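Proteins get letters first, then strands, A, B, ... in listed order; numbering begins at 1 in each. Source: prediction; values computed, not measured.
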Amino acid sequence: MPAPDPALLEQMFHRMSVARAIERLMLVHTRERKFSGWWHPGEGQEAAPIGATAALERDDYLWYQGRGSAWAIGKGMAAGLILGDLLGKMNGATRGKGGGVPHWADYSIGVMGEGATLGSVYPLAGGSALASRIRKDGRVSLADFGDGTSARGTFHETMVHAAAWKLPLIYFCENNGLLVGTRLGEVSPTENIADFAKGYGIPGIIVDGQDAVAVYEATREAAARARRGEGPTLIEAKVVRRHGHYAGDPQKYRADDEFDDYRDPVDVLAARLRGNSAERIAQEAEAEVKAAYEEALAAPEPDASVIERDLYHVQ
Amino acid sequence: MPAPDPALLEQMFHRMSVARAIERLMLVHTRERKFSGWWHPGEGQEAAPIGATAALERDDYLWYQGRGSAWAIGKGMAAGLILGDLLGKMNGATRGKGGGVPHWADYSIGVMGEGATLGSVYPLAGGSALASRIRKDGRVSLADFGDGTSARGTFHETMVHAAAWKLPLIYFCENNGLLVGTRLGEVSPTENIADFAKGYGIPGIIVDGQDAVAVYEATREAAARARRGEGPTLIEAKVVRRHGHYAGDPQKYRADDEFDDYRDPVDVLAARLRGNSAERIAQEAEAEVKAAYEEALAAPEPDASVIERDLYHVQ
Amino acid sequence: MSSEVMGYNAAMGLGLVEEMRRDAEIFVLGQGVATGGWFGAEKGLASEFGLDRVIDCGISEAFEAGLAAGAAIVGMKPVINMGFGDFALIAGDEIYHKLAKWRYMHGLDVPMTAVIIFPIGTMGGAGPEHSSCTEVLGMHFPGLKVVVPSTPEDAKGLMKAALREPNPVLFHSVQGLGWARGEVSTDPEFIVPIGKAATPRQGRDLTIVTYGSMVPRSLEAADTLAGEGIDCEVIDLRSLVPLDWDCVLESVSRTNRAMVVHEAAKTAGPGAEIAAQIQERIFFDLEAPVLRVGGKDFPLPQHSDLEAMSIPSVDAIADTARRLFAI
Amino acid sequence: MSSEVMGYNAAMGLGLVEEMRRDAEIFVLGQGVATGGWFGAEKGLASEFGLDRVIDCGISEAFEAGLAAGAAIVGMKPVINMGFGDFALIAGDEIYHKLAKWRYMHGLDVPMTAVIIFPIGTMGGAGPEHSSCTEVLGMHFPGLKVVVPSTPEDAKGLMKAALREPNPVLFHSVQGLGWARGEVSTDPEFIVPIGKAATPRQGRDLTIVTYGSMVPRSLEAADTLAGEGIDCEVIDLRSLVPLDWDCVLESVSRTNRAMVVHEAAKTAGPGAEIAAQIQERIFFDLEAPVLRVGGKDFPLPQHSDLEAMSIPSVDAIADTARRLFAI
Ligand SMILES: Cc1ncc(C[n+]2csc(CCOP(=O)(O)OP(=O)(O)O)c2C)c(N)n1
Ligand SMILES: Cc1ncc(C[n+]2csc(CCOP(=O)(O)OP(=O)(O)O)c2C)c(N)n1
Ligand SMILES: [Mg+2]
Ligand SMILES: [Mg+2]
């Protein structure tokens with residue numbers, strides 16, 4: 001698999017920087033404005049979504065889980081839609097319904113959304129993958145999930161069929177070794193989610209989740225395989241959850257030395273850029289996020305009519 | 001593992017013969033009395049339940065699926081309770097609620113019952129296995145299921161935890177290659193259900209399901225492993241569904257040559273008995289079943305009060 | 001317009017086939033749909049439409065319902081045969097959270113067609129986990145349309161309407177009526193609009209509000225009562241969401257007496273909402289309480305005699321109507 | 001008897017701890033119960049009772065509920081924290097088929113203790129899949145007991161009762177009341193019997209039948225109305241199965257006016273059954289229809305302001321009471 005070209009690398013870095021700037025901003029926003037704990041910080045894990053989405057085509061389908069914002073940003077959503085939504089404003093992606101847990105979608109760029117009952121993305125991604133097989137449209141569906149979510153029954157039900165039917169589906173696991181405060185090893189027979197691939201006779205790939213390029217390459221390969229009609233792949237990115245489970249989580253359950261050899265995915269990707277573009281891009285991203293934040297702060301709040309919107313479609 | 005001793009072999013053959021006699025009787029009963037299609041014939045598959053139950057202790061927990069009667073008979077239930085129930089009489093195991101799909105239980109001998117939503121036995125067996133781990137009572141729980149039922153999410157959810165926690169649990173699959181009229185290969189990535197064991201890092205054993213002794217030995221081994229605290233095993237018995245999915249199923253979907261090298265599990269086990277005891281035992285079993293059938297025919301029907309029984313326990 | 005006599009399941013199947021012919025985005029999936037189909041509806045589907053559009057699935061109900069949501073969001077029109085209404089409880093997250101709310105929670109109002117077939121009710125000893133009526137779930141959890149046809153023609157017409165509807169529909173087919181026969185329009189544009197009740201019998205003395213398996217029984221009871229001088233109006237709701245309140249309230253405000261009949265367990269069943277709302281909205285038109293006749297609040301026994309005693313009989317309906325009339 | 005002021009979740013936890021001390025067959029399982037516990041109830045449980053009896057589980061709700069059934073059938077007494085009431089729809093088969101019917105369908109009447117904790121309702125922006133009220137499911141599907149405490153003392157007393165009850169109990173804890181404080185009896189034999197309502201306020205003009213999060217709101221509305229000369233009786237049902245009909249009917253037959261208030265979505269919610277049954281049973285005692293105030297028939301928005309507008313406010317309760325009084 002070819003490495004990403006310089007322009008793509010810059011785009012990845014730009015998007016990662018936007019996601020990181022949102023993270024930093026949300027930390028402050030949570031602290032200063034007593035924002036609710038329904039925001040789940042994604043700092044430290046950005047290389048996985050940024051690498052994976054860079055390997056997808058615009059019209060490939062992405063179904064993601066709710067940590068951080070880098071999946072939506074990586075697939076091309078504007079920071080303003082995200083921040084507007086987090087602040088619960090009318091200019092956000094959900095047009096006023098938001099306020100913490102992400103339900104950002106834009107079907108025109110394949111951002112299909114998030115289900116807050118963990119594990120709900122598997123069969124939905126299975127559905128879009130099946131649609132692609134029926135329509136022969138060459139699209140790939142990606143279902144992103146956390147290590148803890150690998151225990152859901154829908155993981156199995158969907159993969160049994162995806163493997164049997166060779167659906168163009170990628171299971172993408174962000175393995176941070178934690179479900180809230182429980183260590184994965186307490187509730188899983190293996191620390192490597194990729195091991196589950198063996199049962200389905202599909203490739204199970206472990207990648208360095210701090211390195212967006214490694215993630216990119218693995219995802220590229222899996223997407224190519226899917227498009228060739230060879231069926232699903234399970235990719236496991238080993239990532240680090242830098243903060244608490246939710247905004248405000250004191251994390252007493254974590255060890256003092258847990259971050260001793262932590263590698264920041266932003267630094268890892270910056271080192272791969274040409275010249276000193278990293279700094280410039282990061283500054284641009286920060287400015288962009290700051291502007292979006294100001295805009296969100298100023299944007300109107302929803303009124304009661306929003307409650308009754310979007311339930312049924314009227315032709 | 002030692003082979004079963006002669007007395008146990010005779011007991012196994014006796015129970016298999018009882019189960020077989022019930023099968024034969026139900027074929028006639030269905031045809032002659034237009035019995036409903038909710039009876040799912042188990043003929044051809046008896047070696048699996050008879051071998052497996054012979055390897056369990058009296059107080060080990062058995063959770064079974066609903067094909068045939070050999071699981072309950074193998075674990076020690078009387079033919080009369082089964083036939084009374086199939087005929088919907090007050091002397092049946094459910095005391096009047098029955099009439100086709102088996103819900104036979106006798107907690108005193110570890111016959112824990114059947115759930116008619118397939119795949120419901122996994123977490124229930126997980127629950128009794130967890131109870132045994134907490135109580136340290138040395139019991140083993142066995143969850144029996146068909147190949148098609150391996151696709152249920154509960155298969156995965158339970159085994160993830162059973163393997164992580166090394167619960168004394170045996171997954172026992174009767175693989176007849178069919179889900180009603182669908183071939184397993186159409187909906188499963190593998191024809192060998194034992195392959196799923198790989199994902200959980202547990203032993204996945206394939207045995208000749210027409211040979212009760214082979215099944216006995218594999219189950220004995222798995223039970224010993226479970227009692228040693230080494231965790232679950234997945235046993236897959238390759239079996240043959242001799243008749244239709246339900247009583248009356250014309251089975252147009254089956255190939256003409258499908259039974260060309262069929263080995264009847266009764267013959268296979270008979271050949272292992274000393275002398276000519278097989279014939280005698282089979283006759284005794286048939287007489288027993290015939291008597292139970294007559295008794296069931298004569299037994300009283302339930303009245304409306306049965307509908308309102310057993311919902312809540314009153315202390 | 002011409003019509004043809006056919007069975008309920010066959011008519012439902014015909015509705016599906018006609019729509020599949022005109023719309024390539026429709027596909028059917030379920031356990032055994034390609035190899036014959038359980039309830040007769042899908043016979044021969046695979047040979048006409050191919051295995052790309054008629055898909056046998058493994059035993060994975062949550063996957064089936066969830067894939068319907070995923071496929072519908074990307075614009076396909078899945079029809080899923082869930083096998084039994086009881087299995088709503090196996091795929092509850094996928095149906096009542098995902099299918100029902102995905103658009104809502106993402107703030108995206110797009111068309112989303114999906115038909116989930118739930119065969120409900122007793123059919124002669126299918127037992128406690130294969131005989132439940134689960135349609136009330138679709139009333140309580142918002143975001144879905146809910147239909148329960150009672151005649152072959154409605155089975156066809158509602159299936160066709162569901163496949164032209166830009167919202168997910170829970171299509172509850174009545175197991176006990178699977179082989180009931182009746183006249184069915186052969187007009188390819190014939191549909192039964194979702195949300196419109198029918199009044200198969202007009203009457204002056206009291207209104208029986210019912211649907212599904214209890215429509216023929218209520219009509220039979222009404223026939224008996226007519227001989228006794230009690231003139232019943234019978235409303236077949238056909239849809240529970242949306243529910244045709246105009247039809248119900250207009251009738252009851254005329255007859256001044258109402259009862260609700262369904263096979264579903266009585267407590268907290270659809271009849272609870274219907275009774276509650278009738279008295280809430282036209283209390284002073286009522287000369288008597290709104291009565292309910294429903295299934296027993298017990299699981300369905302496997303035993304088919306006991307099963308029959310667990311759901312409302314024609315006699316039980318008639319008795320309640322007599323009591324209501326006498327108040 | 002002595003008492004202590006404590007929070008709702010803490011009181012529920014204390015009930016659990018007291019029972020675990022006296023009964024070694026009780027164990028607790030759920031996501032995060034050993035590492036701290038979500039709702040504060042299980043803090044410190046693991047250190048007192050050890051990891052054999054306080055078990056962290058993975059993200060597998062169907063397994064959690066199903067293992068409760070399996071463990072209860074073999075005589076243990078599992079307490080499962082399901083995290084959110086919405087997850088009833090993920091484990092529906094295990095709860096409403098297995099836990100509810102296993103004994104019934106096997107014709108075996110044995111004691112079976114299991115407590116399934118379902119935290120229900122809004123708590124400030126938890127979103128459409130973490131804020132639903134699902135208690136009506138336990139009313140419609142037979143075989144379970146269903147409780148919803150509204151005070152710290154009831155949370156403790158009902159937890160203790162549930163752990164001495166030989167039938168599975170769905171214990172709906174109210175998310176919005178998790179930190180509400182109140183006097184709680186410290187008597188180790190204090191229990192609140194399942195199936196008995198309370199009447200926290202007596203009144204002559206109308207009866208507000210409510211439970212859970214709407215009890216404090218109804219009491220507040222009643223206080224306001226008292227100033228306007230409307231004297232409300234407030235009934236806190238505490239249990240929905242069995243439901244204390246004697247208490248409800250006695251009250252309404254005195255006040256002749258009733259309304260039901262709950263946070264659950266209005267349509268086909270618990271209030272439908274309660275309203276239907278009140279008018280069915282004492283129609284001629286009623287001077288007005290039984291009114292209902294319930295949550296909107298929409299998913300709960302993530303936005304906490306919109307969420308607050310989606311469930312009954314004190315004002316909405318008071319307004320309905322005024323309307324009822326004026327009829
Ligand atoms: C079905 C379901 N069960 C439980 C939860 C509560 N919950 C939210 S996040 C979380 C931990 C998820 O762990 P993991 O999948 O590893 O993702 P991570 O939080 O580590 O990114 C849990 C248990 C939920 N939202 N949905
Ligand atoms: C959850 C669930 N889905 C579907 C069914 C309907 N059903 C009954 S038997 C059967 C086939 C089962 O196949 P398998 O597990 O291989 O067992 P076998 O019948 O071959 O013994 C199906 C689909 C059911 N009872 N429960
Ligand atoms: Mg994790
Ligand atoms: Mg099979």
Side-chain angles (χ1 to χ4, degrees), chain B residues 61 63 85 92-98 101-107 110-117 119-137 139 141 143 152-154 156-162 164-165 167 306-315, chain D residues 24-27 29 50-78 80 90-94 96-114 142-145 164-168 241-242:
Chain B
Y61 299 119
W63 308 84
D85 187 66
T94 62
R95 301 183 300 143
K97 291 213 191 87
V101 173
H103 293 298
W104 311 311
D106 180 346
Y107 299 160
V111 180
M112 306 310 295
E114 189 256 10
T117 46
S120 54
V121 294
Y122 303 121
L124 275 77
S128 60
L130 180 62
S132 291
R133 194 191 72 165
I134 298 173
R135 289 167 160 171
K136 300 183 182 54
D137 63 12
R139 297 186 188 193
S141 294
R152 271 296 309 279
T154 46
H156 179 67
E157 296 201 351
T158 305
M159 189 48 86
V160 162
H161 291 88
W165 298 342
L167 297 185
V306 171
I307 298 173
E308 311 207 347
R309 222 187 46 206
D310 310 317
L311 192 62
Y312 291 106
H313 181 81
V314 181
Q315 234 155 4
Chain D
E25 295 286 18
I26 300 174
F27 69 94
L29 180 145
L51 293 174
D52 260 8
R53 290 178 67 196
V54 182
I55 304 167
D56 254 9
C57 195
I59 303 171
S60 299
E61 284 76 11
F63 170 60
E64 293 174 35
L67 79 82
I73 292 162
V74 303
M76 290 207 74
K77 297 174 180 169
I80 312 292
I90 305 183
D93 185 47
E94 286 67 29
Y96 306 102
H97 288 318
K98 304 306 150 219
L99 267 170
K101 302 187 202 168
W102 195 266
R103 290 180 301 191
Y104 184 87
M105 66 191 189
H106 291 87
L108 288 175
D109 176 16
V110 294
M112 190 173 161
T113 299
L144 301 163
K145 303 223 165 167
R164 298 177 187 197
E165 163 72 40
N167 295 290
V241 180

Could you please spell out the steps behind the side-chain contact (heavy atoms from CB on, under 4.5 Å) verdict for D:F63 and B:H156?
CA-CA 9 Å; D:F63 170 60; B:H156 179 67; over 6 Å; no
Student check: side-chain heavy atoms of D:C57 and B:W165 closer than 4.5 Å:
yes
Just so I understand: if I count every heavy-atom pair under 4.5 Å between each of B:D106, B:V314, B:I134, B:D310 and chain D, which residue has the most?
B:D310
Can you confirm whether B:Y122 sits close enough to D:L67 that some side-chain heavy atom of one is under 4.5 Å from a side-chain heavy atom of the other?
no
Turns out that what part of D:A68 lies under 4.5 Å from chain B's heavy atoms comes down to neither
Could you look at B:Y61 and say if it's the side chain, the backbone, both or neither that has a heavy atom under 4.5 Å from chain D?
side chain
In terms of heavy-atom pairs under 4.5 Å with chain D, the winner among B:V101, B:V306, B:T94 is B:T94
Where on B:L130 is there a heavy atom nearer than 4.5 Å to chain D: the side chain, the backbone, both, or neither?
side chain
Name the orientation class of the two ring planes belonging to B:H103 and D:H106 (parallel below 30°, tilted from 30 to 60°, perpendicular beyond 60°).
perpendicular
Does any heavy atom of chain D fall under 4.5 Å from the side chain of B:A105, the backbone, both, or neither of them?
both
Nearest non-hydrogen partners of D:P166 and B:Q315, listed with the distance
CD-OE1, 3.7 Å
Picking from B:G119, B:S120, B:A93, B:A125, which has the most non-hydrogen pairs under 4.5 angstrom with chain D?
B:S120
Region of B:T154 that comes under 4.5 Å of a non-hydrogen atom in chain D:
side chain
Side chain from CB out, backbone as N, CA, C, O: work out which of these in D:D52 comes under 4.5 Å of a heavy atom of chain B, or both, or neither.
both
With respect to chain B, which residue among D:M105, D:E165, D:K145 yields the maximal number of heavy-atom pairs within a distance under 4.5 Å?
D:M105
Non-hydrogen atoms of chain D under 4.5 Å away: do they reach the side chain of B:V160, the backbone, both or neither?
neither
Look at the side chain of D:W102 and the backbone N and O of B:E114, then say whether any donor-acceptor pair between them is shorter than 3.5 Å.
no
Tell me every residue that passes side-chain hydrogen bond (donor to acceptor under 3.5 Å, both in side chains) with D:H97, counting only those two or more places apart in sequence or in another chain.
D:K101
side-chain hydrogen bond (donor to acceptor under 3.5 Å, both in side chains) with B:R135: which residues, sequence neighbours excluded?
D:E25
Donor + acceptor pair across side chains of D:D109, B:H313 (<3.5 Å)
yes
Does any N or O in the side chain of B:Y107 come within less than 3.5 Å of the main-chain N or O of D:I73, such that one atom is a donor and the other an acceptor?
no
Who wins among B:A129, B:A131, B:G126 for the most heavy-atom pairs under 4.5 Å with chain D?
B:A131
Donor-acceptor pair, B:H161 side chain versus D:G58 backbone, under 3.5 Å?
yes
Is the backbone N or O of B:L124 less than 3.5 Å from a side-chain atom of D:K98, with the two atoms forming a donor-acceptor pair by type?
no
Turns out that what part of B:I307 lies under 4.5 Å from chain D's heavy atoms comes down to both
